[in-house]
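Sequence lines set the chain letters: A, B, ... in the order given, protein chains first and strands last, and positions in each chain run from 1. Below, all heavy atoms of this structure are taken into account, side chains as well, without hydrogens, waters or symmetry copies.
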2 protein chains.
Amino acid sequence: MLGIVAEVFREHGYEGASLALIGEATGLGKGSLYHFFPGGKEEMARAVIAHIDGWFEDNVFAPLRDSADPLAGIDQMLEATDSYFRSGRRVCLIGAFALDESRDLFAGQIRDYFGRWVTHLADALARSGHPPGEAGELAEEAVAGIQGALTLARAANDLEVFSRALRRLRMRLGLAANI
Amino acid sequence: MLGIVAEVFREHGYEGASLALIGEATGLGKGSLYHFFPGGKEEMARAVIAHIDGWFEDNVFAPLRDSADPLAGIDQMLEATDSYFRSGRRVCLIGAFALDESRDLFAGQIRDYFGRWVTHLADALARSGHPPGEAGELAEEAVAGIQGALTLARAANDLEVFSRALRRLRMRLGLAANI
DNA sequence: GACTTATTGTACCGTTCGGTACAATGTCGG
DNA sequence: CCGACATTGTACCGAACGGTACAATAAGTC
C-alpha cells in the first residue's frame, strides 16, 4: 500500500498529491488513511521515503557493501537501479523532494538516502582498486549522473536517455560493456 | 519581475507556488497579476520558462554555437551555468518541472530547453574534435551531470557537490583544470 | 481639460485543501 | 455470545486555493 502512495507522490509531488488523490489510488477513505497515518500527509510521505530507503538498503546498498567482489556489487547496484526506475519510466521521488520546499520537511531522510548511496558506492569503488579520493568523486558523479539522467529522460520523454546513461556508467565504473 | 516569479516557482514548485505567495513576493495584487497574465498561473509559469530559456539562449547556447573556438564556448557555458545556478544554491526550475505532473503542461517547452542544450553542446564538442557519435553521448552526460549535481547538492545541503561536478566536467570536456 | 487606456485594490465566487469527529461496522480471542 | 479493539464511511470544519468582476485610480494622448 505504501507503494501505491509512493506512486501518487512520485506523479504529483508533495504539494500536488492531495488526500483525495491518495484516497482514490489506494481505495481508502480519509478515515482509514488517518487511522494508519495519524500524522496526516507528512507522516505518509515520511513513511514512503522510509519504505523506499529500505528497498534501496536491501537491493542497492547491501550488495555494494557485502559483495565479496566489489565489481559484482556495483553491477547489482546498476541492475537494481535500472529495475527500480523502470528503465527511466519512473522518477526518483526522493530526488524530486530534494528540489522543492518539501526538502525542508524531510531534509534528514533525504540527505541520509543520498549520502549512504554515495558512501557505499565510493567504498566499493575503493575496494575495486580506485584510489580513495578518486573513488569518492566517481561515486558522486555516478549518483548525480543517475539523477540527472532521470530528469533528462523525462524531459525528453525518451527512455533511451536513461539506458544510455546506465551503459556509460557501467563502463566508467569498471564493468564490461556487454550485457 | 519575471525573475521574482521564477524564484517563487523554483522555491515551491508549480503546485506549491500559490497566487498569494507570488503576489506577496512581487508586491502585486491579483488585479495586476491577472492583468499581465490573463491566463493565470499557467501563463505565468509559461512566461517564466520562456524567460529562463531566453537567458540560456543568450548566455549558454549562443556561446556554444557562435564561438570560433569551440572550447572557449564550452568554457563560457560552464561559467554561465555556475553563475546562473549560483554555484548550486539555486535549483533548475525547468528540471524540477520535468519531474512532476506539471511536465504535462509544459512538455514542449521543457523538451525544447534540454534538447537545445544537448544539441548545441554536442555540436561544439564535435567541432572541438570528438567523433560525432561520442560528442552526442558526452553532451548528454554533461547536461545530465549538471542536473544531477544540482539535485545532489541540494539533498546534501553542500554547495561543494556542485562545484566538484563542474570541475570534473571541465576536465572531461577537454578544458584545462586550472581557473 | 477630456478621452482612452493601463494598472490597481477589494470583494467575492465555487471548489478543494488538510484535518477532525464519531458513529457504524468488521474482526477476533475469550 | 461477548467485550475489546481495528478499521471504515460520512459529515463536517475553517482555511486556502485559483479565478472573476468591477469600480477606483493612474498615466498617457490629443
Whole-Å distance, B:Leu28 CG to D:dT25 P, equals 19 Å
Quick note, salt bridge (charged side-chain N to carboxylate O under 4.0 Å, His left out) partners involving residues 5-23 of chain A, not counting sequence neighbours, are A:Glu7-A:Arg10, A:Glu7-A:Arg90
- Query: Can A:Arg172 and A:Glu141 be counted as an ion pair, charged N to O under 4.0 angstrom?
  - Reply: yes
To the nearest angstrom, the CG-P distance between A:Leu33 and D:dG9 comes to 11 Å
From CD of A:Glu43 across to P of C:dG18 the rounded distance in Å is 15 Å
The complete set of salt bridge (charged side-chain N to carboxylate O under 4.0 Å, His left out) pairs with one or both residues in residues 125-136 of chain A, sequence neighbours excluded, reads A:Asp123-A:Arg127
Of D:dC17, D:dT8, C:dC17, the nucleotide closest to the side chain of A:Ser18 is C:dC17
At less than 4.0 Å, is any side-chain N or O atom of B:Ser32 found next to OP1 or OP2 of C:dT7? Yes or no. no
To the nearest angstrom, the CD1-C1' distance between A:Ile22 and C:dT16 comes to 14 Å
- prompt: Are OP1 or OP2 of D:dT7 and a side-chain N or O of A:His35 less than 4.0 angstrom apart?
  reply: yes
Residue pairs meeting side chain to side chain donor-acceptor pair (under 3.5 Å), one or both in residues 62-73 of chain A, sequence neighbours left out, come to A:Glu57-A:Arg65
Expected string for nucleotides 19-27 of chain C under the B/S/- scheme (protein heavy atoms, under 4.0 Å, primed atoms plus P, OP1, OP2 as sugar-phosphate) is BB-------
To the nearest angstrom, the CZ-P distance between B:Phe36 and C:dA6 comes to 11 Å
Separation of C:dG18 atom P from A:Tyr14 atom OH, nearest Å, is 9 Å
In whole angstroms, the gap separating P of C:dA6 from CZ of B:Phe37 amounts to 16 Å
Here the ring pair (Phe, Tyr, Trp, His ring centres under 6.0 Å) pairs for residues 67-94 of chain A, sequence neighbours left out, are A:Trp55-A:Tyr84, A:Phe56-A:Tyr84
Residues at least two apart in sequence or cross-chain that pass salt bridge (charged side-chain N to carboxylate O under 4.0 Å, His left out) with A:Asp112, listed by chain then number, are A:Arg116
